[in-house]
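Note that the numbering runs from 1 along the sequence shown for the chain. Counting starts at 1 for both ligands and their atoms, in listed order.
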Amino acid sequence: MRKNIVAGNWKMNNGLIQTETLISELKQQTKTSNAEVMIAPTFTNLWHAFQSTRQDDIEVVAQNMHFAENGAYTGEVSASMLKSIGIQTVILGHSERRAYFNETDESLAQKVDAALEHDMRIVFCFGEELSDRKSGNEEAVVESQIKKALFHLDASAYKNIVLAYEPVWAIGTGETASPEQAQDMHAFIRKTLESKYGHTIADDMTILYGGSVKPGNAKEIFSKPDVDGGLIGGAALKAEDFYAIVNAF
Ligand code: 13P
């Protein structure tokens with residue numbers, strides 16, 4: 001069964017005190033939908049966030065990890081380090097990681113493998129740039145990103161994978177893909193999966209949309225049959241807005 005998920009990607013925001021405050025505000029919100037809730041604070045606050053949400057219906061997830069197990073990779077964090085503090089899920093392939101930190105389809109495939117070796121769940125992000133959409137290449141770009149990072153996997157790996165379609169032109173810009181644009185791409189993503197792994201895996205896959213999702217547009221986007229939730233940036237930093245989105249299902 002496909003799950004609905006709303007995940008808050010906090011990006012490089014919130015020190016320890018703000019993390020404590022936001023988490024206590026999140027706990028005061030009432031969840032009326034069946035969506036799973038995830039938050040992704042920065043590395044320095046993962047342990048604290050994990051500890052303080054243990055009793056709550058909120059999963060704390062990481063924004064990134066390295067593919068190596070350990071060693072001379074100054075500044076990096078491995079899957080086993082995340083697991084050692086209780087983190088089970090990692091976001092991989094965010095467009096900001098691809099754009100500013102030179103992450104490639106090939107290095108992402110290595111990260112995917114490392115996360116799966118540790119039996120972690122992955123929220124795998126991809127999406128086209130504005131120039132790709134303007135030239136009508138959005139489907140080819142998305143298909144290539146998915147194939148290069150994920151199509152080496154066995155079908156059994158997909159129970160640990162959630163996909164997040166985030167068109168780069170809609171991230172932090174206030175410009176959202178229309179519900180129809182999101183639906184069309186999500187249906188295409190499902191068809192792409194089906195071509196390799198068959199109907200059941202494609203149909204069971206949770207596919208999130210990300211890019212300027214707000215309380216005012218979430219309901220319409222989530223009403224589309226192939227949109228199973230959202231990966232939320234800016235609006236995840238306000239507890240009320242985030243739960244308005246969670247409850248948009
Ligand atoms: P915004 O919701 O701020 O556009 O960010 C989306 C995003 O990048 C989530 O990962």
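- Looking only at protein heavy atoms, the nearest one to atom 3 (O) of ligand 1 is Gly234 N, 2.8 Å.
- Note: Phe151 and Tyr197 have perpendicular aromatic rings, judged against thresholds of 30 and 60 degrees for the angle between ring planes.
- Between Glu25 and Lys238, no side-chain nitrogen of the basic residue sits less than 4.0 Å from a carboxylate oxygen of the acidic one, so the salt-bridge criterion is not met.
- For ligand 1, the polar-atom distance check against Gly210 finds no nitrogen or oxygen pair separated by under 3.5 Å.
- Ionic pairing of Lys148 and Glu106 is not present here: no N-O contact between side-chain nitrogen and carboxylate oxygen is shorter than 4.0 angstrom.
- For atom 2 (O) of ligand 1, the closest non-hydrogen atom of the protein is Gly233 N, 2.9 Å.
- With salt bridges taken as basic N to acidic carboxylate O contacts below 4.0 Å, none links Asp226 and Lys191.
- Within the listing of ligand 1, atoms 4 (O) sit less than 4.0 angstrom from a heavy atom of Ala170.
- Salt-bridge annotation for Arg98 and Glu103: absent, with no side-chain N of the basic residue lying under 4.0 Å from a carboxylate O of the acidic one.
- Within the listing of ligand 1, atoms 4 (O), 6 (C) sit less than 4.0 angstrom from a heavy atom of Gly211.
- Taking every non-hydrogen atom of Gly172 and a distance limit under 4.0 Å, the qualifying atoms of ligand 1 come out as 1 (P), 3 (O), 4 (O).
- Between Lys3 and Asp228, no side-chain nitrogen of the basic residue sits less than 4.0 Å from a carboxylate oxygen of the acidic one, so the salt-bridge criterion is not met.
- Contacts between Leu231 and ligand 1 below 4.0 angstrom, taking non-hydrogen atoms only, involve backbone and side chain alike.
- Here the shortest heavy-atom distance to atom 5 (O) of ligand 1, taken over Lys11, Glu166, Glu96, belongs to Lys11.
- Between Thr173 and ligand 1, no pair of N/O atoms sits closer than 3.5 Å.
- Near Ser212, meaning under 4.0 Å from one of its heavy atoms, ligand 1 places the atoms 1 (P), 2 (O), 4 (O).
- In this pair, His66 and Tyr73 present their aromatic rings tilted. The plane angle is within the 30 to 60° band.
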